[in-house]
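Notes for the one structure printed next.
Any value given below was found using the heavy atoms of this structure, including those in side chains, with hydrogens, waters and symmetry copies removed. Start at 1 and go down the list; that is how both ligands and their atoms are numbered.
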Amino acid sequence: MTSSLRTVGVVGAGCIGATVCVDFVVHGFRVVAVDLDDAALRDTRTLLHEVNRFLPAVRPGLTRLAPKEAMERLVTSTDLAALAECEFVVENVSERWEVKRDLYQQLDKVLPAGVGIGVNTSSIPVGRLAAETTRPDLVVGIHFMNPSYLKESVEVMRGEATSDNCLDQVRDLLTALGKQAVVVGDFPGFVSNRISHLFFNEAIRTVQDQGVDPAAVDEIFKKCFGHTMGPLETADLIGLDTVLLTLENLHDSYRDDRYDGCALLRDMVRSGRLGRKTGQGFYHYRGAGAAVTNTTGDAR
Ligand SMILES: NC(=O)c1ccc[n+]([C@@H]2O[C@H](COP(=O)([O-])OP(=O)(O)OC[C@H]3O[C@@H](n4cnc5c(N)ncnc54)[C@H](O)[C@@H]3O)[C@@H](O)[C@H]2O)c1
């Protein structure tokens, strides 16, 4: 490890947070994961077990840990006070301003002075959250991509108050995870989501308005443009609820109707078709999230 840190906290162990916990553990860190939902914490332990089992295949170069050791490195709790022993905390709770705002006020109370917070948000400016704490210099955006343990780069958002030391600490932390930091400024959606969410919304609108098969949309981006995943597969992986919340934040911020989540996306979220996390989105998923068929039933 290149980082001097040993124990990292992860708050919010949902769709992305679970993968961040796993990434830290398989790279040698001890992790304290906190979530309000016991089921999310249980699922995180299951994910760690599975990823560790196939580790050399999942992430070449990493050595599989003894199962007991892997599990011992991941401590889970529903109580924020468990984070008091952490040297750095990554926050991944739901993409709602009120939820994050309340959490940052609480985190500021439970974390010792000097402990930094990495904001893993899709659209909320880091400076807005930093302002809810008494340590704005120690708050920095770390936009992990999903699933974190497979990704080699991370978008890092430097807030106006983020200190050089905090940024250096995060670069070291990411190096220890085998990742490169791409540092950008602090504006709603940053580079990645300011652009990608227009693309997701328009892809969904194309299915809605033109009746195009979701598989055809994704195939065009994979086979013609050479993307690894199509926009609808990516939206399913992120979670359509999180995609819609992100679009709503971007719509509020930029007052640009291109970010107005389209009717089909809203219908799917309302009916609980959230993508991989619920087993149904633009595609059907069986077991641990493997794409099997699209919603029109075509085999994939
Ligand atoms: N899904 C992705 O691919 C992705 C990628 C990068 C960043 N993000 C961002 O990460 C954050 C989480 O997204 P997600 O898709 O994992 O959402 P999610 O809804 O799947 O998970 C959120 C988790 O936060 C927990 N939670 C909510 N309030 C909490 C609190 N006060 N204390 C502790 N736990 C709490 C929930 O129980 C849930 O398990 C969002 O800000 C999102 O924009 C998501």
Side-chain angles (χ1 to χ4, degrees), residues 9-23 32-47 76-83 86 89-111 117-126 128-129 132 139-151 153-157 179 182 184 188-194 196-197 200 229 231-250 253 261 269 272 274-279 281 289:
V10 177
V11 197
C15 184
I16 185 77
T19 76
V20 172
C21 290
V22 169
D23 206 0
V32 179
V34 175
D35 198 291
L36 299 177
D37 182 5
D38 267 322
L41 295 169
R42 272 197 305 278
D43 289 349
T44 302
R45 295 186 73 76
T46 305
L47 182 68
T76 57
S77 176
T78 53
D79 184 357
L80 277 186
L83 297 171
C86 296
V89 169
V90 177
E91 171 277 310
N92 324 256
V93 304
S94 319
E95 187 71 357
R96 292 181 192 276
W97 165 248
E98 298 75 18
V99 174
K100 288 206 193 269
R101 178 199 59 204
D102 293 355
L103 178 71
Y104 277 75
Q105 293 168 358
Q106 293 172 55
L107 279 178
D108 197 38
K109 295 195 178 95
V110 298
L111 297 181
I117 306 174
V119 188
N120 188 12
T121 167
S122 296
S123 53
I124 300 172
V126 171
R128 257 186 105 189
L129 292 164
E132 298 297 324
V139 180
V140 58
I142 313 182
H143 186 202
F144 288 96
M145 305 291 163
N146 194 1
S148 176
Y149 49 81
L150 291 185
K151 304 293 177 179
S153 292
V154 174
E155 186 178 29
V156 169
M157 297 82 81
K179 298 188 203 301
V182 182
V184 299
F190 327 111
V191 172
S192 58
N193 287 341
R194 182 169 175 171
S196 65
H197 279 61
F200 300 149
M229 291 176 76
L232 302 173
E233 288 172 310
T234 309
D236 265 4
L237 176 66
I238 293 169
L240 299 183
D241 51 346
T242 298
V243 170
L244 183 57
L245 286 169
T246 301
L247 280 167
E248 286 173 353
N249 287 337
L250 292 170
S253 302
V269 171
L274 306 183
R276 280 180 187 250
K277 63 166 89 171
T278 57

Regarding Thr246 and Asn249, do their side chains bring together a donor and an acceptor under 3.5 Å, going by distance alone?
no
Can a side-chain donor-acceptor contact be found between Ser192 and His143 if the only test is distance below 3.5 angstrom?
yes
Please assess Asp43 against Thr46 for the test side chain to side chain donor-acceptor pair (under 3.5 Å), listing each intermediate value before the final yes or no.
CA-CA 5 Å; Asp43 289 349; Thr46 305; 5.0 Å; no
Taking only residues two or more places apart in sequence, or in another chain, which ones meet Asp108 in a salt bridge (Lys or Arg N to Asp or Glu O under 4.0 Å)?
Arg135
What pairs with Glu91 under salt bridge (Lys or Arg N to Asp or Glu O under 4.0 Å), at least two apart in sequence or on another chain?
Lys100
Just to verify, what does Glu248 make a salt bridge (Lys or Arg N to Asp or Glu O under 4.0 Å) with, not counting sequence neighbours?
Arg266
For ligand 1, would you mind listing the residues that have at least one heavy atom less than 4.0 Å away, ordered by chain and number?
Val11, Gly12, Gly14, Cys15, Ile16, Asp35, Leu36, Asp37, Ala40, Asn92, Val93, Ser94, Glu95, Val99, Lys100, Asn120, Thr121, Ser122, His143, Phe144, Asn146, Ile238, Thr242, Lys277
